[in-house]
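Each remark here refers to the structure printed beneath this line.
In what follows, every chain begins at residue 1, and chains take the letters A, B, ... in the order their sequences are listed. Basis for what follows: all heavy atoms, side chains included, without hydrogens, waters or symmetry-related copies.
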Protein chains: 2
Amino acid sequence: MTTIKDIAKTAGVSVTTVSRALNGYSDVNEKTRQKIINIAEDLKYSPNTLARGLVMNRSKTIGLLVSGMDRSSVKDNFTYQVLSGVNECISERGYDLVLFSTTSTKQREKTYSQLCRERRVDGAILSGIKIDDPYLNEVVESNIPCVLIDIPIQSETVGFVTTDNVLGAKKAVRHLIEQGHKNIAIINGHDQAFVSKQRLKGYKEALEAANLPVKEYWIVSGEFSEDRAQEKSLELLKQFPEITAIFCASDLMALGVLKAAKILGLEVPSKLSVIGYDNILLASYSTPTLTTIAQDIIELGYQASHLLIDMLEGESNSRECILDTELIIRESTDSKQRSLIKE
Amino acid sequence: MTTIKDIAKTAGVSVTTVSRALNGYSDVNEKTRQKIINIAEDLKYSPNTLARGLVMNRSKTIGLLVSGMDRSSVKDNFTYQVLSGVNECISERGYDLVLFSTTSTKQREKTYSQLCRERRVDGAILSGIKIDDPYLNEVVESNIPCVLIDIPIQSETVGFVTTDNVLGAKKAVRHLIEQGHKNIAIINGHDQAFVSKQRLKGYKEALEAANLPVKEYWIVSGEFSEDRAQEKSLELLKQFPEITAIFCASDLMALGVLKAAKILGLEVPSKLSVIGYDNILLASYSTPTLTTIAQDIIELGYQASHLLIDMLEGESNSRECILDTELIIRESTDSKQRSLIKE
DNA sequence: CTGAAAGCGCTAACAC
DNA sequence: GTGTTAGCGCTTTCAG
């Protein structure tokens, strides 16, 4: 493995000069620089980032901390899309990514800041972390620059990226109202997600804006689980046959509601309209296809990295970024579209 | 940021002793060790892996090199599953993961071994790399320990993990033959994937074993693309109406064939049986649901890491690992199942 | 424009 | 058992 020492020796200069030449400093003779660059190439030199990181006290790596990257998370590949966006931005800006996947067992062994300090990451992005997660407190307390996805906390070293979940939910419910629905239930996610609170808020606001009553017993939690949502919606629909539309805080849960509707023999959308949230891949493959609120999750990851690196490089003014959502109308709410497709 | 020096100072010992105590060496007084460990905790010490890596010449990181982690790869989340398996194994064994995602443009800037040498990864796992990819040669030539996914190359420093693709394809075609099919076409993947060659081989062997002719014009490439497979199968089915079954080298392509069948008004499976490969999530959500050859991709990633770390730690005898596949029968080939479900 | 020297935090001979 | 010393590969004062 060739080092700058080797280059210095064959070039007949000092290591200082080699370092300066290779790092593009101005105060080095153009000829010397060219010579050094040539030799570096000949010797297949690669800088040792460990050594550089050690002395510079920055590693040019950022840590992505995700939770629950297990078999079940394959269905909604939220994490993968975040990762994909993060990766894109990070590599554009010359950083590398180290992945920390936390599980409840591993969490006890090593704390968040230990993880980050050991690897000397310059900053971290947290995704899929619940609001009661012990890591979260650490973030706020530690002074490691950090961007949260979907958790709105801000400080000198902490920023966040999210979508406008209140507005997103509003769009969904408004769409149902426009289709003539008056009895609209919500299957929400669990309380440990900030987005759940937001989407519930949007649901309520949309109803109120249309002078429709908010009925607390039409608000149930599906815990972001397909099965759980199926169960809960089954109960709900049995108990309140007057419900004609359900807004779900995730597509996965909407899929569960679709199953419940099938069990009850309720045709979607003629007897029951269903709208999801996320626009996961399955939403356009289910039967019927699923109307949903699309969020650009890859962009979420991209913007998170962007914000973080801006913070690291002192270019940041803002500490937050809120992305937009889009209503995608498909068969599960649109009677006309549905019947067109059937024939 | 506290260092062993700080600990040494407050403990009144030398840094050597601290280092030894913290790393569990035997030749240190138990009392001294306890004292040092306590102080380390008090001072919230985390070892600096950069410094350690520099001196030990191993970083305890492994690099995962994947290609094309873009928007399109969300559909079959092969990469994510590999990543998930890799991550699981790696964290069990005390390594960290750094992700290198290559794109054609970035490839020109930095070579594979540069990437690995700069970050001083102890070893690398390559997934989704085409067999004509320039990176591949580098691997074989560089002396960086490396495990390939789905490319069977072996050397002192190179191992691989794959599934038995010949057998997998055989299972698929055998299943079709057992259903009474005699005219079976194949939509294969592109030639830059080793698995394509293997699956074609399995297809041919299964036909021959049943004394069925292999017709070269029934072998077409869908290039692992849904759209391309749709086009190609459309042509194929128009030209050869006698074809009653199609084996696809990926589920995504099978989905394309399903669309083609719909366009031609060929009911699946009564007029045309379709079988895929991979068992992606969509396979159980499509209409009709897709019979397929399942491979455990998470396990693929897990075993790849396992093999690599064994190699790194000198525990390896073998340089290869071949996993099994499983036939999953769903509606797209099973007339009985299909009709049952319809009523 | 270039070089000598110090030091980042850690480990590993080698002494005692 | 413990300390002294050197050095991993690099950047960065400070002199010249």
Side-chain angles (χ1 to χ4, degrees), chain A residues 1-37 39-40 43-61 94 96 113-122, chain B residues 1-37 39-40 43-61 94 96 113-122:
Chain A
M1 194 115 309
T2 100
T3 71
I4 54 168
K5 217 168 170 179
D6 302 324
I7 300 176
K9 211 177 293 172
T10 65
V13 295
S14 74
V15 291
T16 318
T17 309
V18 176
S19 174
R20 277 197 284 245
L22 259 25
N23 288 307
Y25 280 57
S26 56
D27 57 349
V28 48
N29 186 303
E30 231 1 272
K31 276 181 195 161
T32 330
R33 158 173 285 126
Q34 268 314 322
K35 189 171 156 196
I36 288 172
I37 288 177
I39 294 177
L43 265 43
K44 296 186 200 304
Y45 169 75
S46 304
N48 185 332
T49 51
L50 298 184
R52 179 181 283 162
L54 183 58
V55 60
M56 308 245 295
N57 212 23
R58 46 199 307 267
S59 59
K60 279 273 195 171
T61 56
D96 278 334
S113 44
Q114 261 180 316
L115 241 35
C116 293
R117 283 197 313 245
E118 282 189 11
R119 283 292 167 187
R120 286 301 189 274
V121 300
D122 295 336
Chain B
M1 193 114 310
T2 100
T3 72
I4 53 168
K5 219 169 168 178
D6 302 324
I7 299 177
K9 211 178 293 171
T10 66
V13 295
S14 74
V15 291
T16 318
T17 308
V18 175
S19 173
R20 277 196 284 243
L22 260 25
N23 289 306
Y25 280 57
S26 56
D27 58 349
V28 47
N29 188 301
E30 229 4 88
K31 276 181 196 162
T32 331
R33 158 173 286 126
Q34 267 315 320
K35 189 172 156 194
I36 288 171
I37 288 176
I39 294 177
L43 266 44
K44 295 187 200 305
Y45 169 75
S46 303
N48 185 332
T49 53
L50 298 183
R52 181 182 280 160
L54 182 58
V55 61
M56 307 242 302
N57 213 21
R58 48 201 305 268
S59 59
K60 278 273 195 170
T61 56
D96 278 335
S113 44
Q114 261 180 316
L115 240 34
C116 293
R117 282 195 314 245
E118 282 191 9
R119 284 290 168 186
R120 287 299 189 276
V121 301
D122 295 335

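- Between C:dC8 and B:Asn48, no contact under 4.0 Å exists linking OP1 or OP2 to a side-chain N or O.
- For the pair A:Arg58 CZ and C:dC8 C1', the computed distance is 15 Å after rounding to whole Å.
- Mapped onto DNA chain D by nearest heavy atom, B:Val28 and B:Val55 fall at different nucleotides, with B:Val28 at the one closer to the 5' end.
- Among C:dT11, C:dG9, D:dT4, the nucleotide with an atom closest to any side-chain atom of B:Ala51 is C:dG9.
- Of all non-hydrogen atoms in A:Asp122 and A:Ser59, the two that sit nearest each other are OD1-N, 2.9 Å.
- Here A:Asp27 lies in heavy-atom contact (under 4.0 Å) with a base.
- Closest-nucleotide positions on DNA chain C for B:Leu54 and B:Thr16 were compared, and the one nearer the 5' end corresponds to B:Leu54.
- Within the structure, every side-chain polar atom (N or O) of B:Thr3 is placed at least 4.0 Å from both OP1 and OP2 of C:dG9.
- Side-chain contact check for A:Thr17 versus A:Ile36: some heavy-atom pair is nearer than 4.5 Å.
- Looking only at side-chain heavy atoms (C-beta outward), A:Arg52 and A:Asn23 come within less than 4.5 Å of each other.
- Rounded to an integer number of Å, the gap from NZ of A:Lys60 to P of D:dG9 is 23 Å.
- Comparing atom distances between the A:Arg20 side chain and each of C:dG3, D:dT4, C:dA12 picks out C:dG3 as nearest.
- Atom-to-atom, CZ of A:Arg52 to P of C:dC10 comes out at 21 Å; the value is rounded to the nearest Å.
- No engagement by B:Asn57 is indicated, since no non-hydrogen atom pair under 4.0 Å with the nucleic acid exists.
- Contact annotation: A:Tyr25 side-chain N/O to D:dT12 OP1/OP2 distance is under 4.0 Å.
- Using a 4.0 Å cut-off, no side-chain N or O of B:Ser19 falls inside it from OP1 or OP2 of C:dC10.
- Side-chain atoms of A:Ile7 and A:Leu22, non-hydrogen and from C-beta on, do get closer than 4.5 Å to each other.
- Donor-acceptor pairing under 3.5 Å, judged by distance alone, is absent between the side chain of A:Arg120 and the base of C:dG9.
- When only modelled atom types and interatomic distance are considered, B:Ser19 and B:Thr16 share no side-chain donor-acceptor pair under 3.5 Å.
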